[in-house]
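Down below is the structure, laid out as structure tokens.
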Amino acid sequence: MIATPDRTPLPREFFDRPVLEVAPELLGRILVRTTPDGPIALRLTEVEAYDGQNDPGSHAYRGRTPRNAVMFGAPGHVYVYFTYGMWHCMNLVCGPEGRAAAVLLRAGEIIEGAELARTRRLSARNDKELAKGPARLATALDVDRAQDGVDACTAGDTPLRMLTGTPVPSDQVRNGPRTGVSGEGAVHPWRFWVADDPTVSPYRAHVPRRRRT
DNA sequence: CTGATGATATACT
DNA sequence: GTATATCATCAGA
């Protein structure tokens with residue numbers, strides 16, 4: 001039989017721990033996005049850990065900027081960045097204030113509100129592709145810089161909330177190098193995903209782009 | 001299936 | 001000026 005997912009919000013203490021502990025435990029949790037048209041719920045299947053303290057791959061590695069300021073704040077808040085001139089990606093801040101660690105939400109399964117997600121993901125050929133990739137996930141959930149800094153742990157009228165869901169047993173968690181990360185940051189196997197899950201994004205090693213003519 | 005390309009904000013040299 | 005925590009689309013095998 002299939003257990004009913006726990007709809008209790010994740011407490012802030014869950015996020016106030018080392019990011020490498022939090023990241024694998026986020027798999028199987030449920031992210032709820034409240035929109036004017038109704039809720040969209042996503043079961044997380046793939047994440048990556050970024051640690052601003054020691055990690056050259058992290059946006060916070062070289063210090064605070066207007067873009068990454070939320071990473072330096074309290075755990076359990078949402079950090080959203082805009083990249084490649086077109087896309088948004090969504091993170092959850094971990095560790096104590098000042099630590100600047102976060103988990104990038106890379107992929108998931110839409111378990112509620114798929115009809116709303118489809119209207120924002122017209123190029124998706126099936127529902128497994130709705131949130132297969134970090135920018136696709138943010139697009140499907142209608143997340144952009146307007147949600148930067150939102151608290152995902154409060155019970156009020158928040159646009160985004162993390163619920164307990166059904167944690168994935170550790171023997172079902174796989175890990176490997178992070179996608180698209182270059183240099184020394186690429187050696188860390190800090191990408192975590194659910195074994196054999198069809199909504200996990202394909203791995204792509206980082207390739208520097210040749211410059212335009 | 002693979003590889004090339006354009007879209008161009010943000011941070012950095 | 002160059003690189004990037006990406007994706008959609010196209011050409012070709």
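Every chain is numbered from 1, with letters handed out A, B, ... down the list of sequences.
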Report yes if the side chains of A:Thr154 and A:Arg12 come closer than 4.5 Å at any heavy-atom pair, otherwise no. yes
Would you indicate which nucleotide in C:dA5, C:dC7, B:dA11 comes nearest to any side-chain atom of A:Tyr81? C:dA5
Indicate, with a heavy-atom threshold strictly under 4.0 Å, whether A:Thr139 touches base, sugar-phosphate, or nothing. nothing
Let me know the distance between NE2 of A:His88 and P of B:dT8, rounded to the nearest Å. 14 Å
Look at the side chain of A:Tyr84 against the base of B:dA9 and say whether a donor-acceptor pair falls under 3.5 Å; ignore hydrogens and angles. no
Return no unless some side-chain N or O of A:Thr179 is found under 4.0 Å from OP1 or OP2 of C:dA5. no
The side chain of A:Ser123 lies closest to which of these nucleotides: C:dT6, C:dT4, C:dT9? C:dT9
A:Arg136 and A:Ser123, any side-chain heavy atoms less than 4.5 Å apart: no
A:Pro66 side chain: which of C:dA5, B:dA11, C:dA8 is closest? B:dA11
Atom-pair distance (CE on A:Met71; P on B:dA11), nearest Å: 13 Å
When the P atoms of B:dG6 and C:dG1 are compared, how many Å lie between them, rounded to an integer? 16 Å
For A:Asp196, look at atom CG and say whether over 12 heavy atoms of other residues, nucleotides or ligands are found less than 6.0 Å away. no
For A:Arg67 and for A:Arg204, locate the closest nucleotide of DNA chain B by heavy-atom distance; then report the residue assigned to the nucleotide nearer the 5' terminus. A:Arg204
Tell me what A:Tyr50 touches on the nucleic acid: a base, only sugar-phosphate, or nothing, going by heavy atoms under 4.0 Å. base
Where the side chain of A:Ser182 is defined as all heavy atoms beyond and including C-beta, which of C:dA8, C:dT4, B:dA9 is the nearest nucleotide? C:dT4
Need the pair for C:dA5. Rule: Watson-Crick or G-U wobble, both distances under 3.5 Å, any strand; none if unpaired. none
Euclidean distance, atom NE2 of residue A:His206 to atom P of C:dT4 [Å, nearest integer]: 3 Å
Rounded interatomic separation in angstrom, taking CZ from A:Phe192 and C1' from C:dA5: 15 Å
Just the rounded figure in Å: distance from P of C:dA5 to CG of A:Leu92. 19 Å
Rounded to whole angstrom units, what separation is found between the CG atom of A:Leu137 and the C1' atom of C:dA5? 13 Å
C:dA8 versus B:dT10 - spacing of their C1' atoms, nearest Å: 22 Å
Below 4.5 Å, heavy atoms only, C-beta onward: do A:Trp190 and A:Val19 meet side chain to side chain? no
Residue whose closest nucleotide on DNA chain B lies nearer the 5' end, A:Met86 versus A:Arg145: A:Met86
Remember a base hit wins even if backbone is also touched, and classify A:His59 as base, sugar-phosphate or nothing at under 4.0 Å, heavy atoms. base
Please check the phosphate of C:dA8 (OP1 and OP2 only) for any side-chain N or O of A:Arg136 closer than 4.0 Å. yes
In whole Å, I'd like the distance from the CZ atom of A:Phe82 to the P atom of B:dA7. 14 Å
Separation of atom CZ in A:Arg106 from atom C1' in C:dC7, rounded to whole Å: 12 Å
Which heavy-atom pair separates A:Pro159 from A:Arg33 by the least distance, and what is that distance? CB-NH1, 3.1 Å
Is it the case that A:Thr8 and A:Asp6 place a side-chain donor and acceptor less than 3.5 Å from each other? yes
In terms of the nearest nucleotide of DNA chain C, which residue is placed more toward the 5' end: A:Gly57 or A:Arg121? A:Gly57
